[in-house]
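Here it is, the structure in full.
Computed over heavy atoms, backbone and side chain alike; hydrogens, waters and symmetry mates excluded.
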Amino acid sequence: MLDEKVALKELEKLREEINYHNHRYYILDSPVISDAEYDRLFKKLQEIEKKFPHLITPDSPTQRVGAKPLSEFKTIAHTIPMLSLNNANTIEEAREFDERVKRFLETKGEIEYVAEPKMDGLAIELVYVDGIFTAGSTRGDGYTGEDVTQNLKTIKSIPLRLLMEEQVKVEIKGKEVIPIPLPIPVRLEVRGEVFIPIKEFEKLNKLREENGEPPFANPRNAAAGSIRQLDSKITAMRPLDIYCYGVGVIEDAKFKTHWDILHALKRWGLKVNPFIKICKGIDEVIKYHEDIEKKRDEIPYELDGVVVKVNSLDLQNRLGILTRSPRWAVAYKFKARQETTKVIDIIVGVGRTGALTPVAVLEPVEVGGVTVERATLHNQDEVDRKDIRVGDAVVVQRAGDVIPEVVVVIKDKRSDKEKPFKLPDKCPLCGSAVVKEGAIHRCTGGLSCPAQLKEGIRHFAAKRAMNIEGLGDRHIDQFVEKGVIKDIADLYSLKKEDIAGLERWADKSAQNLLDQIEKSKDTTLARLIYALGIRQVGEHMAKVLANNFGSFDELMKADYDSLIEIHEIGPETAESIVTFFREEHNRRVIEKLKKAGIKIVVSGQSSVVSSLKGKQFVLTGTLSGFTREEAKELIERLGGRVVSTVSKNTDYVIAGTEPGSKYDKAVELGIKILNEDEFKDLLDKK
Ligand code: IVH
């Protein structure tokens with residue numbers, strides 16, 4: 001049994017070691033041991049603590065989570081108020097800030113500033129007494145905040161105990177090195193921003209949606225919501241992080257500059273943003289602002305600007321505070337990427353593939369330097385989930401080159417005049433029926449819908465489809481835009497004078513194209529089916545359909561049940577085929593194609609493959625030589641079709657041992673019945 005004295009020593013050693021590795025991992029991002037080794041140390045600590053529970057200290061690495069849920073938050077008064085910042089939104093306003101500082105200090109010389117990224121999260125204060133994390137609070141009203149100590153303890157990048165100098169193996173380059181030693185202050189109040197990185201935020205929201213919970217509007221709300229949890233176990237599951245950017249009281253420590261403070265924080269094991277920079281004069285600040293704004297999309301957490309602070313603490317003191325903001329600092333903002341505006345209307349866009357997209361028409365608003373008048377609402381599910389109505393006040397967002405989108409509806413601003421929105425059941429461009437495929441509403445008028453026309457012609461004319469040589473993308477764009485072609489069948493009624501009059505065409509080239517179009521009329525059934533661009537029907541599926549139905553008319557007549565009988569055809573494909581041929585607009589175009597004189601030639605290969613072409617089979621009883629699936633596949637490979645019920649259209653019933661009622665039905669209707677051997681003969685003959 002471990003002696004208590006020995007245990008205490010061992011515990012101390014383990015905690016120090018774990019703290020060191022925590023710092024390497026969470027702050028410096030350069031671990032020196034494997035996760036497995038770290039876990040071993042942690043387990044060892046837990047085991048000893050289990051044996052000597054009275055030796056557990058609140059700052060032990062094992063004590064990050066575990067406290068019972070609170071019924072409410074207590075409040076904590078900030079020794080020094082947590083101030084807010086004045087904003088500068090333009091270069092001019094940044095220069096005005098610099099001018100004000102100089103005027104106040106009665107100096108013409110350049111001011112030395114520290115420029116820092118302005119993290120968009122939640123301001124908090126951490127209190128360390130003799131190096132031990134004892135309390136943490138939100139900013140609150142600046143004077144008192146909520147006691148969120150338990151929740152902050154769950155954030156791994158917040159040390160529970162400050163690092164002693166000899167433990168800090170950080171290298172600090174440059175002249176700004178603080179002379180050692182750097183003792184731990186008796187009391188240290190650290191201020192910082194708690195946030196959730198963007199990727200983690202997206203993962204968190206996805207998870208919430210999967211669990212049926214409402215997603216957070218942005219990473220800042222997610223961070224704030226996570227810190228304000230009464231149950232710290234929930235906070236512990238949230239991917240929170242922190243950057244420290246300042247201090248309140250530092251008892252028994254003297255610093256000359258803000259830069260020195262930031263470096264001291266680093267040496268005590270706190271996390272400080274790596275992009276902090278000393279800028280000599282406002283021009284360097286402006287350059288810094290530009291550089292960081294350019295990097296904004298690569299930085300893994302949200303920034304909304306840079307904070308500019310006079311470096312000298314002496315000058316900071318002279319400048320002092322005006323109402324609730326210091327004169328020595330300014331928030332030099334980036335262009336906002338979120339703004340509020342109003343939804344004037346919701347219109348419907350139809351994409352290249354026929355997908356219907358609801359689009360919000362907005363009261364024009366400037367977002368991040370660009371006027372935004374439209375925002376995508378993605379799909380009906382998204383409209384429903386966010387409950388976006390015509391007339392709503394909304395927050396719109398644009399990030400980088402991404403299409404603007406509506407983030408949330410400001411429901412407080414609702415009157416009762418807002419109108420809910422539903423996508424139409426007819427395509428607004430061609431009037432064809434709209435079907436829902438997962439989250440997507442899709443126009444089924446593939447052959448006639450103008451939105452899908454260019455893509456549809458491209459597919460129709462492609463080498464592996466109708467193979468119309470010489471009909472390039474450029475020509476297709478031109479024909480559609482000039483209105484020469486309104487559906488794919490119009491290709492076959494093109495006249496030389498239609499084409500030759502267009503730009504870049506002459507008589508000869510027009511005739512060449514017409515010859516190619518004419519040539520394409522001789523085709524195979526599979527190619528023609530493929531060329532129609534039916535969703536879910538690729539080249540292989542087109543062959544399967546051609547072999548099974550043998551003619552275009554038969555395929556058009558096929559219902560869901562007869563399609564689903566065919567091996568290889570699943571419910572989605574069957575549904576898609578039926579919907580396609582049911583659509584009146586498509587039928588009209590097909591009629592036009594037929595009239596144009598498309599000839600279906602039976603290729604050598606397909607005549608072999610289709611020796612059982614069009615024949616309908618029903619299987620009953622057990623076959624000894626093959627499974628039902630195998631028999632079905634063999635029949636289909638030879639062009640036959642297997643259905644489940646016997647009717648007068650059935651050509652053969654294949655009866656194995658112990659056949660069922662299908663046998664009787666076949667007898668009744670006088671259908672040819674084959675036993676297994678006769679069936680094999682039939683297959684062999686073919
Ligand atoms: S300094 C008196 N530095 O921005 C100085 N604030 O109104 C007070 N923020 O919610 C703040 N990054 O939490 C400072 N590098 C940074 C910051 C920063 C983000 C937040 C802060 C507060 C707001 C300022």
Side-chain angles (χ1 to χ4, degrees), residues 353-354 435 437 442 444-447 452 456 459-467 488-489 520-594 598-619 629 631-645 647 649-651 686:
T353 59
V435 292
E437 283 174 18
R442 208 180 288 280
T444 56
L447 295 186
Q452 300 168 68
H459 178 81
F460 186 81
K463 201 172 168 66
R464 308 181 77 91
M466 301 300 277
N467 191 22
I488 57 170
S520 77
K521 284 183 183 170
D522 285 340
T523 189
T524 61
L525 179 57
R527 274 176 178 266
L528 178 63
I529 297 171
Y530 173 61
L532 297 177
I534 305 168
R535 291 189 63 75
Q536 315 269 358
V537 179
E539 249 186 303
H540 173 71
M541 187 55 68
K543 281 187 188 143
V544 170
L545 291 169
N547 287 340
N548 274 279
F549 291 96
S551 80
F552 204 80
D553 289 335
E554 282 301 315
L555 173 63
M556 279 183 78
K557 272 192 268 172
D559 59 6
Y560 180 87
D561 290 341
S562 55
L563 283 162
I564 199 86
E565 293 281 353
I566 299 170
H567 182 68
E568 292 196 79
I569 297 188
E572 271 179 46
T573 310
E575 188 67 55
S576 165
I577 296 166
V578 173
T579 317
F580 183 88
F581 288 115
R582 194 192 299 139
E583 175 50 52
E584 199 43 52
H585 296 78
N586 292 339
R587 297 178 79 94
R588 217 187 51 229
V589 177
I590 289 167
E591 216 34 62
K592 264 170 89 175
L593 281 173
K594 280 189 194 158
I598 303 258
K599 290 187 284 289
I600 293 175
V601 293
V602 179
S603 70
Q605 194 211 3
S606 67
S607 68
V608 171
V609 173
S610 340
S611 52
L612 293 181
K613 193 162 72 189
K615 300 279 186 252
Q616 204 188 80
F617 288 75
V618 173
L619 301 170
E629 271 315 299
K632 194 167 177 219
E633 215 181 313
L634 284 167
I635 295 168
E636 283 168 3
R637 214 183 282 159
L638 295 170
R641 199 146 53 94
V642 177
V643 299
S644 54
T645 46
S647 71
N649 294 329
T650 309
D651 295 291
K686 302 291 167 181

Using atom types as modelled, flag every donor-acceptor pair under 3.5 Å from a side chain in residues 549-556 to any protein atom, sequence neighbours excluded.
{"residue": "S551", "atom": "OG", "partner": "E554", "partner atom": "N", "Å": "3.1"}
{"residue": "D553", "atom": "OD1", "partner": "K594", "partner atom": "NZ", "Å": "2.9"}
{"residue": "E554", "atom": "OE2", "partner": "K557", "partner atom": "NZ", "Å": "3.3"}

Any H459 side-chain heavy atom under 4.5 Å of Y530 side chain: yes
Sequence neighbours excluded - salt bridge (Lys or Arg N to Asp or Glu O under 4.0 Å) pairs with any residue from residues 522-534: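 Listed once each, the pairs are D522-K599.
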Which residues share a side chain to side chain donor-acceptor pair (under 3.5 Å) with D559, sequence neighbours left out: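 Scan of D559 (side chain to side chain donor-acceptor pair (under 3.5 Å), adjacent residues dropped) gives S562.
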Side-chain heavy-atom pair M541, I534 within 4.5 angstrom cut-off: no
Partners meeting side chain to side chain donor-acceptor pair (under 3.5 Å) with S647 (sequence neighbours left out):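 Checked S647 against side chain to side chain donor-acceptor pair (under 3.5 Å); zero matches.
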Closest approach of L447 to L532 (non-hydrogen atoms, all atoms of both residues): CD2-O, 3.5 Å
Nearest-0.5 Å distance that lies between atom CG in L593 and atom CE in M466: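 Taking CG in L593 and CE in M466, the distance rounds to 7.0 Å.
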Shortest non-hydrogen separation from T524 to I600 and the atoms involved: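 For T524 versus I600, the nearest heavy atoms are C-CG2, 4.0 Å.
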R641 versus I635, closest heavy-atom pair with distance: N-CG2, 3.8 Å
Beyond-backbone contact of L563 with L545, side-chain heavy atoms, under 4.5 angstrom: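 Of all side-chain heavy-atom pairs linking L545 with L563, at least one is under 4.5 Å.
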Minimum heavy-atom distance between N586 and T444, given as atom pair plus value: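 Shortest heavy-atom contact: ND2-O, 2.8 Å.
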Nearest non-hydrogen partners of E583 and G445, listed with the distance: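 Of all heavy-atom pairs spanning E583 and G445, the closest is CG-CA, 4.3 Å.
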4.5 Å side-chain heavy-atom contact, R588 and H585: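 In contact.
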Those residues that, when tested against D651, pass side-chain contact (heavy atoms from CB on, under 4.5 Å) (two or more places apart):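 side-chain contact (heavy atoms from CB on, under 4.5 Å) list for D651, sorted by chain: K615, Q616.
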R587 side chain to F581 backbone, donor-acceptor under 3.5 Å: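 Present.
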For a quick test of your reading: what N or O donor-acceptor pairs under 3.5 Å do the side chains of residues 568-577 make, sequence neighbours left out?
{"residue": "E568", "atom": "OE1", "partner": "H540", "partner atom": "NE2", "Å": "2.6"}
{"residue": "E568", "atom": "OE2", "partner": "H540", "partner atom": "NE2", "Å": "3.4"}
{"residue": "E572", "atom": "OE1", "partner": "Q536", "partner atom": "NE2", "Å": "3.0"}
{"residue": "S576", "atom": "OG", "partner": "R535", "partner atom": "O", "Å": "2.6"}

Residue pair G446 / Q452: nearest heavy atoms and the distance that separates them: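 Minimum heavy-atom contact is CA-OE1, 3.7 Å.
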Pairwise distance NE2(H567) to NZ(K632) - rounded to 0.5 angstrom: 7.0 Å
